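Single-structure report; data block below.
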Amino acid sequence: MHEMAITQSVIDAVCEHAAGRRVHCVTVTVGALCAVVPDAMRFCFELAAEGTVTEGADLEIVEVAGAARCRGCGTEFELTYPILLCRACGGADVEVRSGQELRITSMEVESTCAQPVDAGTTRRR
(Lines give C-alpha, C1' and ligand atoms only; values in the text may rest on other atoms or scores of the structure.)
Protein backbone atom coordinates (compact mmCIF):
# COMPACT_ATOMS: atom_id res chain seq x y z
CA MET A 1 0.00 0.00 0.00
CA HIS A 2 1.91 3.07 -1.25
CA GLU A 3 -0.78 5.37 0.16
CA MET A 4 0.93 5.19 3.56
CA ALA A 5 4.24 6.52 2.19
CA ILE A 6 2.44 9.24 0.22
CA THR A 7 0.31 10.20 3.22
CA GLN A 8 3.34 10.28 5.51
CA SER A 9 5.02 12.69 3.07
CA VAL A 10 1.91 14.89 3.10
CA ILE A 11 1.87 14.93 6.92
CA ASP A 12 5.60 15.70 7.07
CA ALA A 13 5.16 18.68 4.73
CA VAL A 14 2.08 19.95 6.58
CA CYS A 15 3.79 19.65 9.99
CA GLU A 16 6.80 21.57 8.68
CA HIS A 17 4.66 24.41 7.34
CA ALA A 18 2.42 24.47 10.43
CA ALA A 19 5.47 25.37 12.56
CA GLY A 20 4.04 23.83 15.73
CA ARG A 21 0.49 25.16 15.31
CA ARG A 22 -2.40 22.68 15.50
CA VAL A 23 -3.75 21.72 12.07
CA HIS A 24 -7.54 21.51 11.69
CA CYS A 25 -7.91 20.58 8.03
CA VAL A 26 -5.74 19.51 5.10
CA THR A 27 -6.98 19.57 1.51
CA VAL A 28 -5.21 17.41 -1.04
CA THR A 29 -5.86 17.27 -4.79
CA VAL A 30 -5.50 13.76 -6.20
CA GLY A 31 -5.70 12.92 -9.89
CA ALA A 32 -7.53 9.81 -11.02
CA LEU A 33 -4.40 8.56 -12.80
CA CYS A 34 -2.16 8.72 -9.70
CA ALA A 35 -3.14 5.23 -8.54
CA VAL A 36 -4.02 6.62 -5.10
CA VAL A 37 -7.15 5.20 -3.50
CA PRO A 38 -8.82 8.09 -1.60
CA ASP A 39 -10.34 5.86 1.11
CA ALA A 40 -6.96 4.22 1.72
CA MET A 41 -5.35 7.66 1.97
CA ARG A 42 -7.95 8.76 4.54
CA PHE A 43 -7.28 5.65 6.61
CA CYS A 44 -3.51 6.19 6.42
CA PHE A 45 -3.89 9.87 7.32
CA GLU A 46 -5.60 9.01 10.58
CA LEU A 47 -2.85 6.53 11.50
CA ALA A 48 0.11 8.66 10.41
CA ALA A 49 -1.25 11.80 12.08
CA GLU A 50 -1.13 10.31 15.58
CA GLY A 51 1.20 12.26 17.85
CA THR A 52 1.64 15.14 15.38
CA VAL A 53 0.03 18.57 15.03
CA THR A 54 -2.24 16.98 12.40
CA GLU A 55 -3.80 14.53 14.87
CA GLY A 56 -7.58 14.94 14.70
CA ALA A 57 -7.42 17.07 11.54
CA ASP A 58 -9.86 16.50 8.70
CA LEU A 59 -8.47 15.32 5.38
CA GLU A 60 -10.39 16.62 2.39
CA ILE A 61 -9.56 14.98 -0.92
CA VAL A 62 -10.47 16.70 -4.17
CA GLU A 63 -10.46 14.13 -6.95
CA VAL A 64 -9.55 15.28 -10.46
CA ALA A 65 -10.67 13.23 -13.44
CA GLY A 66 -8.17 12.15 -16.04
CA ALA A 67 -8.37 13.97 -19.35
CA ALA A 68 -6.34 13.75 -22.54
CA ARG A 69 -6.06 15.20 -26.03
CA CYS A 70 -4.98 13.36 -29.15
CA ARG A 71 -2.28 15.31 -30.98
CA GLY A 72 -3.15 13.46 -34.19
CA CYS A 73 -6.87 14.18 -34.55
CA GLY A 74 -7.45 16.76 -31.79
CA THR A 75 -10.05 14.73 -29.93
CA GLU A 76 -10.32 15.43 -26.20
CA PHE A 77 -11.45 12.57 -24.01
CA GLU A 78 -11.66 11.37 -20.42
CA LEU A 79 -9.09 8.91 -19.12
CA THR A 80 -10.17 6.43 -16.50
CA TYR A 81 -7.02 4.33 -16.73
CA PRO A 82 -3.55 5.32 -17.95
CA ILE A 83 -4.09 3.67 -21.34
CA LEU A 84 -2.94 6.40 -23.69
CA LEU A 85 -4.77 5.59 -26.89
CA CYS A 86 -7.13 7.98 -28.64
CA ARG A 87 -10.71 6.76 -28.50
CA ALA A 88 -11.50 8.35 -31.86
CA CYS A 89 -8.55 7.39 -34.10
CA GLY A 90 -6.64 4.84 -32.00
CA GLY A 91 -3.46 6.95 -32.16
CA ALA A 92 -0.86 6.79 -29.40
CA ASP A 93 0.28 10.44 -29.66
CA VAL A 94 -1.77 11.52 -26.65
CA GLU A 95 -1.17 14.39 -24.23
CA VAL A 96 -2.43 13.91 -20.67
CA ARG A 97 -4.08 17.17 -19.60
CA SER A 98 -5.24 16.29 -16.10
CA GLY A 99 -5.45 13.43 -13.66
CA GLN A 100 -1.80 13.20 -12.62
CA GLU A 101 -2.06 15.82 -9.85
CA LEU A 102 -1.03 15.00 -6.31
CA ARG A 103 -0.61 18.14 -4.24
CA ILE A 104 -1.46 19.75 -0.95
CA THR A 105 -3.76 22.58 -1.95
CA SER A 106 -4.51 24.06 1.47
CA MET A 107 -4.27 23.62 5.20
CA GLU A 108 -6.14 25.27 8.03
CA VAL A 109 -4.07 25.92 11.14
CA GLU A 110 -4.80 27.31 14.56
CA SER A 111 -3.71 30.88 15.06
CA THR A 112 -2.99 32.46 18.40
CA CYS A 113 -5.37 35.32 19.08
CA ALA A 114 -4.73 38.23 21.39
CA GLN A 115 -6.22 37.71 24.82
CA PRO A 116 -9.26 39.88 25.58
CA VAL A 117 -8.59 42.87 27.75
CA ASP A 118 -10.49 43.03 31.02
CA ALA A 119 -12.27 46.39 30.92
CA GLY A 120 -12.27 46.60 34.72
CA THR A 121 -8.47 46.61 34.94
CA THR A 122 -7.77 48.97 32.05
CA ARG A 123 -7.07 52.62 32.96
CA ARG A 124 -9.09 55.24 31.15
CA ARG A 125 -7.33 58.27 29.75
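Just so you know, these numbers use all the heavy atoms, side chains as well, and skip hydrogens, waters and symmetry mates. None of these values were measured; they are calculated from a predicted model.
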I'd like a table of donor-acceptor pairs (distance under 3.5 Å, sequence neighbours excluded) in which one partner is a side-chain atom from residues 4-11, with atom names and distances.
unit_1 : atom_1 : unit_2 : atom_2 : d
Thr7   : OG1    : Glu3   : O      : 2.6
Gln8   : NE2    : Asp12  : OD1    : 2.9
Ser9   : OG     : Ala5   : O      : 3.2

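- Side-chain atoms of Cys25 and Met107, non-hydrogen and from C-beta on, never get closer than 4.5 Å to each other.
- No side-chain heavy atom of Val64 sits under 4.5 Å from any side-chain heavy atom of Val30.
- Remark: Val53 engages Cys15, Ala18, Val23 in a side-chain contact (heavy atoms from CB on, under 4.5 Å) (not counting sequence neighbours).
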Could you pull out every donor-acceptor pair under 3.5 Å between side chains of residues 67-85 and any protein atom, sequence neighbours left out?
unit_1 : atom_1 : unit_2 : atom_2 : d
Arg71  : NH1    : Asp93  : OD1    : 3.0
Glu76  : OE2    : Arg97  : NH1    : 3.2

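- A pairwise comparison of heavy atoms in His17 and Arg21 identifies O-NH2, 3.6 Å as the closest pair.
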What pairs of donor and acceptor atoms, side-chain ones from residues 33-48 against any protein atom, are under 3.5 angstrom apart with sequence neighbours left out?
unit_1 : atom_1 : unit_2 : atom_2 : d
Asp39  : OD1    : Arg42  : NH1    : 3.0

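- Hydrophobic cluster membership is shared by Leu102 and Val26, with clusters built from Ile, Leu, Val, Met, Phe, Trp and Tyr side chains linked at under 4.5 angstrom.
- Under the rule for a side-chain contact (heavy atoms from CB on, under 4.5 Å), the partners of His24 that lie at least two apart in sequence or sit in another chain are Arg22, Glu108, Glu110.
- Atom OG1 of Thr27 and atom CG of Leu59 lie 8.0 Å apart (nearest 0.5 Å).
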